[in-house]
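Here's the structure, in C-alpha cells; my notes come after.
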Amino acid sequence: MTIQITNTMTGRKELFETIEPGKVRMYVCGPTVYAEAHIGHAMSAMVFDIIRRYLEYQGYQVIHAQNFTDVDDKIINRANELGISSEQLAEDMINEWMAQTARLNIKPATIYPRATQEIDTIIGLIEKLIESGHAYHVPGSDVFYRVSRFENYGKLSHRNLDDMIAGSRVDVDEHKENPMDFVLWKAAKEDEPSWDSPWGPGRPGWHIECSAMIQRHLGGEIDIHGGGSDLIFPHHENEITQSESINCGHNLARYWVHNGMLELRGEKMSKSEGNLVTIRELLDMGGGEVFRFMVLGSHYRSPMAFGDDTYESAKRGLERLIGAVRGLDRREVPDARPSHELADAADEARQRFEAAMNDDFNTPVALAALFDLARSINRAQDEGHGTPEARWAQARLQDLAAVLGLKLQEPEPESLDSAPFIDLLVEVRQQLREAKQFELADQVRDRLSALGVVIEDSAEGSRWRMDR
RNA sequence: GGCGCCGUAGCCAAGUGGUAAGGCAGGAGUCUGCAAAACUCUGAUCGGCGGUUCGAAUCCGCCCGGCGCCUCCA
C-alpha cells in the first residue's frame with residue numbers, strides 16, 4: 001500500500017506518509033456561502049470525497065474538515081440586497097450545501113468549522129503575529145500581515161515578491177507597508193457584522209480563518225490540505241505564511257492537493273463571471289451520479305469541461321456500468337470466492353484499480369479497470385455461465401465502484417407511483433406478443449419509451465427501467 | 001510582463017524512454033418477431049519544426065494554439 005500524491009508544494013509525486021500512522025488529517029477549503037453553489041464547487045468537494053473514500057478503503061482513519069467562510073464582503077452585500085441578515089443568508093446557504101452534497105453522495109466531513117465560530121482563535125493568532133513582528137495594526141484601519149517578514153513567501157505558488165510587484169496592480173490600500181501585505185483583521189464599517197477585538201470592532205480577513213481552524217481542530221501540522229487550484233495564490237500561500245510564522249518550524253501541511261477547474265464553454269466556471277450551472281440544476285436533471293462519473297473520467301488535477309455532449313457521453317458510460325450489475329441481489333452473492341475465470345477477472349480488476357488509485361488517484365484508469373470487469377461479467381452471462389460466479393463478480397464490481405462513490409443503482413421502481421401501472425402495461429404487452437400482435441405490442445413500447453420508460457425483452461421475459 | 005498547466009482517434013480521456021488504456025459516437029456481424037441491452041470484429045504514431053537517444057507521445061529548444069493564477073474565487 002504505497003500511495004503517491006502530487007504535492008503542489010514540490011510539484012512532483014511523493015510517497016504518501018502520514019504524520020501519525022494509519023491516520024489522515026485532511027482540511028479542504030469549502031465555499032464562501034453567499035450564493036447558490038455551482039457544480040465547480042461540487043466537483044472540488046467530490047474530488048476530495050473520492051480521495052477520502054480511497055484512503056479509508058486503504059484502512060486509514062480520515063479526519064476530514066471542511067470549512068465554511070460565513071462572513072465576508074460578498075455575504076454582507078448579498079444579504080443587504082435580500083434584506084436579510086448575513087447570518088441568515090449564511091445559514092440558508094450552508095443548509096442547502098449540506099442537503100445537496102448529501103444528494104451527490106459526498107460523505108459528510110468529520111467537522112465543519114465556520115469562520116464566525118473561530119473568532120477567539122483567530123484573535124489569538126493575530127495577537128501572536130503582531131507580537132512577533134509578523135503583523136502590524138494601522139490605527140483606524142486594518143491589521144495586516146507583513147509579507148516581507150516571511151522569507152519563503154511564494155513557496156507554494158512558486159513566485160516571488162519582486163515578480164508580483166512588477167505585475168499590474170490596482171486598488172492598493174495605502175495603509176499597507178507593502179502592496180502584497182494582506183488583511184488579517186478588517187475594521188468594521190457601519191452596520192456590518194463585527195466582533196470586538198484589541199484593534200476595535202471588525203471581522204477576520206479571509207485567510208486567517210483557515211489557519212485558525214486547522215490549529216484548533218486538527219493541530220499544528222496536517223497531512224493533506226486541499227482545495228481548488230484557484231486557491232493556491234493568494235489564499236493558501238497566505239495561510240502558509242501566517243501559520244508557519246508561529247508554528248515553530250512546523251509546516252502547515254505535508255501534502256498540498258489541488259483540483260483543476262471546471263470549465264463551461266471553454267472558460268472557468270465562476271460565480272462572478274456568471275457562467276455556471278448550479279448544483280440544483282444538476283440535481284434537477286437527475287445528474288448527480290452522472291456528474292460524479294464525469295469527475296472520475298478525468299484526472300482531478302486537470303481542468304474538466306462540462307457540456308451537453310460530455311454529459312450525455314458520461315451518462316451512457318455510467319449506464320453501461322449500471323447494466324453490468326443490474327439485477328444483483330446481495331443476498332444471492334456466494335460468500336466464498338468461486339474458482340472461475342470470472343473471479344480471476346475480478347481480482348485482476350481490483351489489482352489494476354488499486355494500482356491506478358495508488359498512483360495519485362488516477363480515477364480514469366481505475367474506471368477502465370471497472371469497464372473491463374463489466375465486459376467480463378456481461379460476456380460470461382451471455383455465454384450462460386452460472387449465476388453464482390456472475391453474482392460474485394458483480395458484487396466485486398459494485399464494491400469497487402462504491403470506493404469511488406458510485407452506487408450503480410437504478411432508481412427503485414417501487415418508489416415510483418406509476419410503477420403498478422407500468423407493470424400492468426408491460427404485462428398486457430407481453431400477452432400481445434404471445435398472441436403475435438406485434439404491431440400493438442410495439443406501439444405500447446414506443447409510447448412508454450416516449451415517456452421515459454425503457455423496455456427490454458429477453459428470454460426470461462420483459463423488464464423495464466426509467467431512462468434517467 | 002511573471003508563474004504554471006494543456007494540445008493524444010469524430011468527441012471525452014489515460015499514458016514521462018521501448019513501437020498508444022478505457023468511455024461515447026460510427027461501421028460490420030451474432031442474438032431478437034422487431035427493437036433495446038449484451039457480445040464479437042473494426043479506428044490514432046500522439047499541435048508543428050528541429051535536437052538528444054539504439055529507440056520518444058514521453059527528454060531538450062523554438063514556434064503555433066488554448067486555459068489558469070498574479071484582485072474575490074472550489
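In what follows, every heavy atom counts, from backbone to side chain, and hydrogens, waters and symmetry copies are set aside. Fair warning: this is a prediction, and the values are worked out from it, not measured in the lab. Note on naming: letters A, B, ... go to the chains in the order of the sequence lines (proteins, then strands), and numbering restarts at 1 for each one.
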Legend entry - Centroid distance under 5.5 Å and plane angle under 30°, Phe438(A) vs rG33(B): yes
Inset, instruction - Write down the distance between NZ (Lys268(A)) and P (rG66(B)), rounded to a whole number of angstrom. - result: 19 Å
Inset, instruction - With RNA chain B as reference, determine whether Arg433(A) or Ala305(A) sits nearer its 5' end, using the nearest nucleotide of each. - result: Ala305(A)
Legend entry - Arg433(A) bridged to Asp457(A) by N-O distance under 4.0 Å: yes
Legend entry - Value in whole Å for how far the P atom of rA14(B) lies from CZ of Phe353(A): 17 Å
Legend entry - Distance-only donor-acceptor test, Asp442(A) side-chain atoms vs rG33(B) base atoms, 3.5 Å: yes
Inset, instruction - Report the distance from atom CG of Asp382(A) to atom C1' of rA36(B), rounded to the nearest whole Å. - result: 13 Å
Legend entry - Expected output: side-chain Glu192(A) to main-chain Lys189(A) donor-acceptor under 3.5 Å: yes
Inset, instruction - Verify the contact: side-chain N or O of Thr310(A) to OP1 or OP2 of rA13(B), cut-off strictly under 4.0 Å; return yes or no. - result: no
Inset, instruction - Would you tell me if any nitrogen or oxygen in the side chain of Lys315(A) comes within less than 4.0 Å of OP1 or OP2 on rG23(B)? - result: no
Inset, instruction - Assess whether one donor atom and one acceptor atom, taken from the side chain of Asp457(A) and the base of rC34(B), lie less than 3.5 Å apart. - result: yes
Legend entry - Charged N-O contact under 4.0 Å between Asp49(A) and Arg52(A): no
Inset, instruction - Determine: side-chain N/O of Arg316(A) to OP1/OP2 of rA25(B), distance under 4.0 Å, yes or no. - result: yes
Legend entry - Phe233(A) six-ring centre to Arg159(A) NZ/CZ under 6.0 Å and within 45° of normal: yes
Inset, instruction - Examine rG68(B): is either OP1 or OP2 under 4.0 Å from a nitrogen or oxygen in the side chain of Arg301(A)? Give yes or no. - result: no
Inset, instruction - Answer yes or no: does a side-chain N or O of Thr32(A) lie under 4.0 Å from OP1 or OP2 of rA74(B)? - result: yes
Inset, instruction - Would you please confirm or rule out a distance under 4.0 Å between OP1 or OP2 of rA37(B) and any side-chain N or O of Asn378(A)? - result: no
Below 3.5 Å between N/O atoms, which protein atoms pair up with nucleotides 43-47 of chain B? Just atom names and distances, please.
none

Inset, instruction - State whether Arg391(A) and Glu332(A) are salt-bridged, where the test is any N-O pair (Lys NZ or Arg NE/NH1/NH2 against Asp/Glu carboxylate O) under 4.0 Å. - result: yes
Inset, instruction - Indicate yes or no: does Glu434(A) engage Arg429(A) in a salt bridge with an N to O separation below 4.0 Å. - result: no
Inset, instruction - Indicate whether OP1 or OP2 belonging to rA38(B) is found under 4.0 Å from a side-chain N or O atom of Arg375(A). - result: no
Legend entry - Base-pairing mate for rG4(B) - Watson-Crick or G-U, with both contacts under 3.5 Å: rC67(B)
